[in-house]
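Heads up, the thing below is written out as structure tokens.
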Amino acid sequence: MAGHRTEAHPHGADRLCDAGDRVYSRAVRRGRVSRKDAETVPCLVELALLHPDPDDMGWLVPTSPQEVMTRLLREMHEHVVATQSRVGKAVSAFEWYAALGGNARSPAEGAAIRVLDGLPRIRAAMDEATEACTSEVLAVQPGGIRREDELSEGLHRALALRRRGVRMRDLYTHVARHGQGLLNYMELMEEAAEARTLDEVTERLIVFDRTVAFIPASPDRTVALELRHPALVGYLVTVFERLWRLAIPLTAPLPDTGIDGITHRERSIAALLAEGHQDAVVAERLGISVRTCRAHIARLSETLGAASRTQLGVRIAQAGLDDPPRFPELQPLTAPDRPESPTGR
């Protein structure tokens with residue numbers, strides 16, 4: 001994100017340095033801060049978080065946290081739109097080159113990336129990959145509680161994998177723990193599958209035998225990419241493994257936040273609010289409804305004694321809730337030569 005990038009303060013407005021955090025929080029609480037107190041944090045002026053008081057040039061007044069959050073969200077939206085545009089152009093270019101054919105392209109190059117348009121083609125490709133799978137399946141399942149129809153749609157693939165002794169590992173959001181359907185599914189899969197959860201995960205990902213991966217290529221997931229390029233698949237596997245080490249086993253309870261009156265989910269919400277995200281974005285990333293998200297925000301405001309959203313932002317920073325909770329990295333629960341669990345449903 002655009003912002004101040006000097007050696008002393010290599011950051012943007014989305015994550016202030018410690019000194020900047022202290023001075024800006026003080027300015028918000030008091031309504032202004034002296035220029036002398038702000039000399040050590042020129043980043044705040046360069047990021048337009050502080051600006052001269054027109055009534056007294058010896059003082060600096062803060063830009064409201066609400067305005068800063070709005071600005072950050074606008075920048076993020078523009079970045080996402082630009083990225084989506086580049087991805088769309090890249091896919092179109094790939095399809096154009098693929099349509100040219102020619103003897104210069106080897107079979108391996110032609111199969112490295114395949115665009116699957118429509119759910120029937122996606123399911124057929126998934127069934128094909130399932131039949132060829134011999135050792136492990138890695139999957140990331142975003143969203144909240146998994147619906148029964150979502151779980152049952154891929155159940156035949158999961159059962160086929162279990163019969164062949166394929167190990168499966170799934171990553172979900174913490175919210176998925178509250179769905180009875182997932183618990184029933186895990187019980188059905190027995191030792192063949194293992195699940196872990198995080199506050200938030202990446203978009204949907206399914207990898208078979210570390211040789212073929214499937215990712216969405218449209219927001220409604222009716223278009224997907226089948227990836228067989230070793231470098232791409234290897235990169236996705238690395239991302240999965242790092243998330244897996246940070247995740248908490250489905251069979252283990254979520255750690256306590258250590259802060260009275262603040263739940264694990266509310267701490268995650270506080271960190272996302274501090275990043276400038278709106279309620280709908282926070283809800284989507286944590287896999288909960290907007291209504292549930294706002295209920296948690298209301299409880300968070302009450303616990304922290306905040307009378308407004310602006311004040312809540314300040315109180316979140318004062319309480320040290322503006323960073324996501326960090327917990328010790330978990331060690332694998334199974335032997336290294338024994339791939340673990342859940343699947344591409």
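FYI, the numbering just counts along the sequence from 1.
Just one residue in the list Leu273, Thr310, Leu49 forms a side chain to side chain contact (heavy atoms under 4.5 Å, CB included) with Pro65, and that residue is Thr310.
A continuous path of hydrophobic side-chain contacts links Leu205 to Leu198 [ILVMFWY only; heavy atoms under 4.5 Å].
Not counting sequence neighbours, the partners of Arg294 by the side chain to side chain contact (heavy atoms under 4.5 Å, CB included) test are Asp279, Val290.
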Side chain to side chain contact (heavy atoms under 4.5 Å, CB included) between Met189 and Leu161, worked out: CA-CA 10 Å; Met189 296 306 295; Leu161 292 166; 5.9 Å; no
Criterion side chain to side chain contact (heavy atoms under 4.5 Å, CB included) on Val212 and Glu226, from CA distance to verdict: CA-CA 7 Å; Val212 55; Glu226 178 185 300; 3.8 Å; yes
Derivation and outcome, side chain to side chain contact (heavy atoms under 4.5 Å, CB included), residues Val233 and Val207: CA-CA 8 Å; Val233 176; Val207 184; 4.1 Å; yes
Please determine whether side chain to side chain contact (heavy atoms under 4.5 Å, CB included) holds for the pair Leu243 and Val239, giving the CA-CA distance in whole Å, both sets of side-chain angles, and the decisive distance to 0.1 Å. CA-CA 6 Å; Leu243 291 175; Val239 171; 4.1 Å; yes
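Look at Glu241 and Arg210 and you find a salt bridge, because one of the NZ, NE, NH1 or NH2 atoms lies within 4.0 Å of a carboxylate O, short of that distance.
Remark: side-chain polar atoms of Gln311 are paired, donor with acceptor, to backbone N or O of Ala307 under 3.5 angstrom. With hydrogens and angles disregarded, no donor-acceptor distance shorter than 3.5 Å links the side chain of Arg162 to the backbone of Ala193. For Asp53 (side chain) and Leu60 (main-chain N/O), no donor-acceptor pair under 3.5 Å exists by modelled atom type. When atom types are taken as modelled, the side chain of Arg35 and the backbone of Met57 share a donor-acceptor pair closer than 3.5 angstrom.
Contact check for Arg167 versus Glu191: side-chain heavy atoms found under the 4.5 Å cut-off. Taking the side chain as every heavy atom from C-beta outward, Arg242 and Leu246 never approach each other to under 4.5 Å. A heavy-atom distance below 4.5 Å is not found between the side chains of Arg204 and Phe214. A 4.5 Å side-chain heavy-atom check between Val166 and Thr130 finds every atom pair outside the cut-off.
Of all heavy-atom pairs spanning Ala139 and Asp170, the tightest one is CB-OD1, 2.9 Å. Nearest approach of Leu50 to Tyr24, heavy atoms of both residues: CD2-CD1, 4.5 Å. In terms of heavy-atom proximity, Glu203 sits nearest to Pro216 at OE1-CG, 3.7 Å.
Residues Asp209 and Thr211 bring no donor and acceptor atom of their side chains to less than 3.5 Å of each other.
Residue Glu187 qualifies as open at atom CD: its count of foreign heavy atoms under 6.0 Å is 12 or below.
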